[in-house]
Amino acid sequence: MNRGVRSSPPSVLGVGVDRLVSPQTAPSGTRDYRSVIISTAPSDSQRHPDLEAEQAYLDHAQRCLEEARALALRLSDNLEVGAGGTNQARFEREAFTDNIVERLSQLDIGDASLVFGRIDHDPAVDDVHDEPLYIGRIGVWDRQQDAVVVDWRAPAAEPFYRATGVDPLGLERRRHFATRSRTLLDIDDEFFGDLSRLDEQAQRTGTVQGHGALITALETARTGRLGDIVATIQGEQDEIIRSPLPGIIVVQGGPGTGKTVVALHRAAYLLYSHRFPLADQGVLVLGPNRLFLAYIEQVLPSLGEAGVRLAVLSDLVVPKVRTDRLDSEAAQAVKGDLRMADVVRRAVRQRQRPLREDLVVGYGLQHLRFSVSDSEIIIKEARRRFRTHNAGRKFVEDELFATLAMSARDDLDARVIRDRIRWTYPIREALEWMWPVLTPAHLVHDLYTSPALLRAACDGIFEPDQVEHLHRPRDRHASDVVWAFADAPVLDEARANLGSRPGRKDEDEVRTYGHILVDEAQDLSPMGLRMIARRSLNGSMTVVGDIAQATGTWDRNSWDEVIEHLPVQRREPERRELTTGYRIPAPAMSLAARVLRHAAPDLQPPVAIRADGDEPVVRRVDDLHTSLPQMVREEKARVGSGNIAVITPRSMTDEVAAALAAGEIAHGGATRSGLDLQVTVVPVQLVKGLEVDAAIVVEPARIVSEERHGVRALYVALTRATKRVGVIHVDPLPEAMLDGTEVAQPSLVAGSPDIGTPGKPAAPPAPTVDQPTLDFGA
């Protein structure tokens, strides 16, 4: 059994893709659906014969959806909102209201397409499904409660994503719809049967299902927000999405393989398939920075799941603190080191101290005494009894007042003594010295701002020059501190040692989750991974990233170095790899692959499914200030309404923004406006995980020299665009881009010829001012 052929017009597949006849027009009595080839020129005769019928069905499905929404609205209007009735009645009313609100949010799909395909089962194999199943964004039923649309996450929809020619899963046909909102534009059919004599074109595209719809989606202009891929999920992606809930699954995927959207669709799938218990336990999605979170925030709501928490590590610190600062790489290396757990443990122990002199307090006509040796015994006993620091405070207080009562001449009640003198200055001072109630911010602030405390806590753990990276000036109060992002795991380690403050358990409690998805996990420090592990309720996690894009402080050469810090329980971690590049055209991937050979020699680049595409533009100039705005204008003209990222070395962000402003190019900053504007200046350290229509990489040599893993950072920068990649530079290109071949590059001004592949001759000049870009392919 081989893969079926497609009947998709060239308007979807692109010029040069042959259109193949459907089985209905094949000679009767045969199941050989191969190679009756029709012209690739667009014409009315190529209009799919089922287009009107399928449009009518989509309209019917939309009406059913609107009726379901109207019914839910009527139910919400009929709910009693008064405060009367029993507690049971109020509880039931609130639960019912929550269910209606959740259902209304699921039914509100906006302008998104409701239905994106259908599957027809082979009656010779499957006699249960005698009608086609239409697969869509959510499940929809008619008034007779017959299924009109099957939710893409339902088990019945699995063959839509997983069927292949080798294993058709009982399908006779799979149909993809190319839609714009509620309008059906085209149909892409795949048939399953005896296809041993498929032509070369069908063989070439046989690993990609729904090729026409996929290419259309990939070529759509970016909006500055990541969109869902629910209509074009591929088989290798679907296997990961539908993996079992328990255990850890690690997904390695190069640029453009869809690992981020796969993780987000997995969150939606798990909430659908395991609504209980995940609805209560919660699902957490962790991203590398807030720009990334803003970029992905619309995906899960578009899939009907708005209850998933999106966060960066610093959002998980309790009690909440302000984080808005980047440390030096040297400081990040120390704070992310697993040995910081021992430093924090020592810092907590330093705050559990016996008195330096005996405590004597007046009580009526006598004096009550509490000796240094008494305090030593109490401190030792509290350390033995209590796992967390704050939990031992009440014990220390009780023992202090009990000892004072025992020192009296007469029998005194410790509780009476406590009520009378607990707020006096000597008592408060003694307790704060022996066993203070601490928040993580107080503990770490005191530690960082005291050279003596730092030396004592780090002695034998870090070298003196490393300890210096932890020191910072003291603020007026711990609540005034603006923390660095690298401090979040240290604060969380302090919280684990301190525990909740007395009477503030709700405020200080750490939330755990039934499933955690971590993106760009290869850059997380050991302390960061330790922090994530504390949030896992049962060890169920999805970890995605790319070792070749490991540009953080921590060198990662394999996923074993990440997994060792995660909560591996009964199940061994499952590893998957995405190998197909959907986003990046082959010419751009060819350039990036050169850099990958230097960044991660052991890894293979993704295989780009789009063989065609614009060649990268590499332009050397004399004056970046005037040449960059001109290059941006050219890219804007080529991508139309698409968005453009100008990716800069971190030291040149302000300079590049000033050059664009001087050239009257409207633009945004990544930290101010995300990707909301058409042109955005993005420092290279924030660009990971994003995708744009066109990317202009500024001064790649400076990116390589400034970043800790400069060649990997350059690889990330060159793999952000879905259509066009440009490079502009004054300094010579780094060796990774030259691929070991030194080439003399003439100095150019704006409007001069671009520089193509090193070692290739330049194209002859055209009779216009703007010269053609040279081939930068493999």
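In this text the structure is predicted, and so the values were computed from the model without any measurement.
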I'd like to know if the side chain of Tyr715 reaches the main chain of His598, judged simply by a donor and an acceptor atom lying under 3.5 Å from each other, with no hydrogens or angles considered.
no
Could you tell me the separation between the CD1 atom of Ile241 and the CD1 atom of Ile233, rounded to the nearest 0.5 Å?
4.0 Å
Backbone N or O of Ala486 within a donor-acceptor pair of the Lys335 side chain at under 3.5 Å?
no
For a 4.5 angstrom cut-off between non-hydrogen side-chain atoms, does Leu447 reach Leu470?
no
Looking at CD1 of Ile296 and CD of Gln298, how far apart are the two atoms once the value is rounded to the nearest 0.5 Å?
11.0 Å
How long is the straight-line distance from CG of Leu660 back to CD of Glu655, given to the nearest 0.5 Å?
11.0 Å
Among all residues two or more places apart in sequence or in another chain, which pass the salt bridge (Lys or Arg N to Asp or Glu O under 4.0 Å) test with Glu520?
none
Looking at Ala441, is its backbone amide N or carbonyl O close enough to the side chain of His445 to form a donor-acceptor pair, meaning the two atoms are under 3.5 Å apart?
no
Give a yes or no answer on whether the side chain of Asn643 reaches the backbone of Asp693 with a donor-acceptor pair at less than 3.5 Å.
yes
Return the set of residues passing side chain to side chain donor-acceptor pair (under 3.5 Å) with Asp519 (not counting sequence neighbours), or none when no residue passes.
Thr260
d(Thr626 OG1, Gln630 CD) to nearest 0.5 Å is 9.0 Å
Go through Val321 and Val481 one step at a time and tell me if the side chain to side chain contact (heavy atoms under 4.5 Å, CB included) criterion holds.
CA-CA 8 Å; Val321 296; Val481 178; over 6 Å; no
Atom pair CG (Leu529) and CD1 (Ile563), whose distance is rounded to the nearest 0.5 Å
10.5 Å
In chain order, what residues pass the side-chain contact (heavy atoms from CB on, under 4.5 Å) check against Asp614, with sequence neighbours excluded?
Arg724
Quick one: list whatever passes side chain to side chain donor-acceptor pair (under 3.5 Å) with Asp560, sequence neighbours left out.
Arg575
Asp487 side chain to Val490 main-chain N or O, any donor-acceptor pair under 3.5 Å?
no
Return each pair, listed once, that meets side chain to side chain donor-acceptor pair (under 3.5 Å) where at least one residue sits in residues 541-550; pairs must be two or more places apart or across chains.
Gln252-Asp546, Arg266-Thr542, His515-Thr542, Asp546-Gln549, Gln549-Arg720
All heavy atoms of Asp523 vs all of Ala550, minimum pair found to be OD1-CA, 3.3 Å
Pairwise side-chain contact, Val684 with Val716, heavy-atom cut-off 4.5 Å (strictly under):
no
Can you tell if the side chain of Ser627 reaches within under 4.5 Å of the side chain of Arg619, non-hydrogen atoms only?
no
Let me see the working for Val343 and Met340 under side chain to side chain contact (heavy atoms under 4.5 Å, CB included), right down to the final yes or no.
CA-CA 5 Å; Val343 172; Met340 275 301 295; 4.2 Å; yes
Residues that Ala330 engages under side-chain contact (heavy atoms from CB on, under 4.5 Å), provided they are two or more places apart
Ser328, His469
Closest non-hydrogen atom pair, Met737 against Leu714:
CG-CD2, 3.9 Å
If you take all heavy atoms of Val698 and Ile703, which pair is closest and at what distance?
O-CD1, 3.9 Å
Flag the pair Thr580 / Val607 as yes when at least one side-chain heavy-atom distance between them is below 4.5 Å, and no otherwise.
no
Do Val262 and Val544 pass the side chain to side chain contact (heavy atoms under 4.5 Å, CB included) test, and can you show the C-alpha distance, the side-chain angles, and the key distance before you say yes or no?
CA-CA 9 Å; Val262 165; Val544 303; over 6 Å; no
Applying side-chain contact (heavy atoms from CB on, under 4.5 Å) to Ser314 and not counting sequence neighbours gives Arg290, Val312, Thr323, Phe485, Ala488
Flag, side chain of Glu577 to backbone of Gly253, donor-acceptor distance under 3.5 Å
no
The single option from Val444, Leu316, Leu313 passing side-chain contact (heavy atoms from CB on, under 4.5 Å) against Leu491:
Val444
Polar side-chain atom of Arg322 near backbone of Asp480 as donor-acceptor pair, under 3.5 Å
yes
Using only atom types and a distance under 3.5 Å, with no angle test, would you say the side chain of Glu707 pairs donor to acceptor with the backbone of Pro649?
no
Heavy atoms from other residues, nucleotides or ligands near CG of Asp731 exceed 12 (cutoff 6.0 Å):
yes
Quick one: does Leu624's side chain get under 4.5 Å of Met652's, heavy atoms only?
yes
Please find the pair of heavy atoms, one from Phe462 and one from Val467, that lie closest to each other, and give the distance.
CB-CG2, 4.0 Å
Taking the side chain as everything from C-beta on, heavy atoms only, tell me whether Gln332 gets closer than 4.5 Å to Ser525.
no
So do the side chains of Ile532 and Met541 get within less than 4.5 Å of each other, counting heavy atoms only?
yes
Considering all heavy atoms of both residues, which atom of Gly254 and which atom of Lys259 are nearest to each other, and what is their separation?
O-NZ, 3.4 Å
Spacing of CE belonging to Met531 relative to CG belonging to Asp492, to within rounding of 0.5 Å
4.0 Å
Hey, which of Arg712, Lys688, Arg708 is the one that makes side-chain hydrogen bond (donor to acceptor under 3.5 Å, both in side chains) with Thr551?
Lys688
Indicate yes or no for a side-chain donor-acceptor contact from Arg633 to the backbone of Gly663 under 3.5 Å, with no hydrogens or angles considered.
yes
With sequence neighbours excluded, give me every salt bridge (charged side-chain N to carboxylate O under 4.0 Å, His left out) pair touching residues 694-705.
Arg702-Glu706
Looking only at non-hydrogen atoms, find the nearest pair between Trp554 and Gly336 and report the distance.
CZ2-C, 3.2 Å
With sequence neighbours left out, the residues meeting side chain to side chain donor-acceptor pair (under 3.5 Å) with Arg530 are Glu493
Residues which pass side chain to side chain donor-acceptor pair (under 3.5 Å) with Ser558, listed by chain and number, not counting sequence neighbours:
none
Below 4.5 Å, heavy atoms only, C-beta onward: do Val727 and Leu718 meet side chain to side chain?
yes
Taking only residues two or more places apart in sequence or in another chain, which ones pass side-chain contact (heavy atoms from CB on, under 4.5 Å) with Ala600?
Ala548, Leu596, Leu603
Before giving the answer on side chain to side chain contact (heavy atoms under 4.5 Å, CB included), spell out for Val543 and Ile249 the whole-Å C-alpha distance, their side-chain angles and the decisive distance to 0.1 Å.
CA-CA 6 Å; Val543 178; Ile249 179 168; over 6 Å; no
Pairs in or reaching into residues 462-474: which pass salt bridge (charged side-chain N to carboxylate O under 4.0 Å, His left out), with residues at least two apart or in two chains?
Asp446-Arg474, Arg472-Asp475
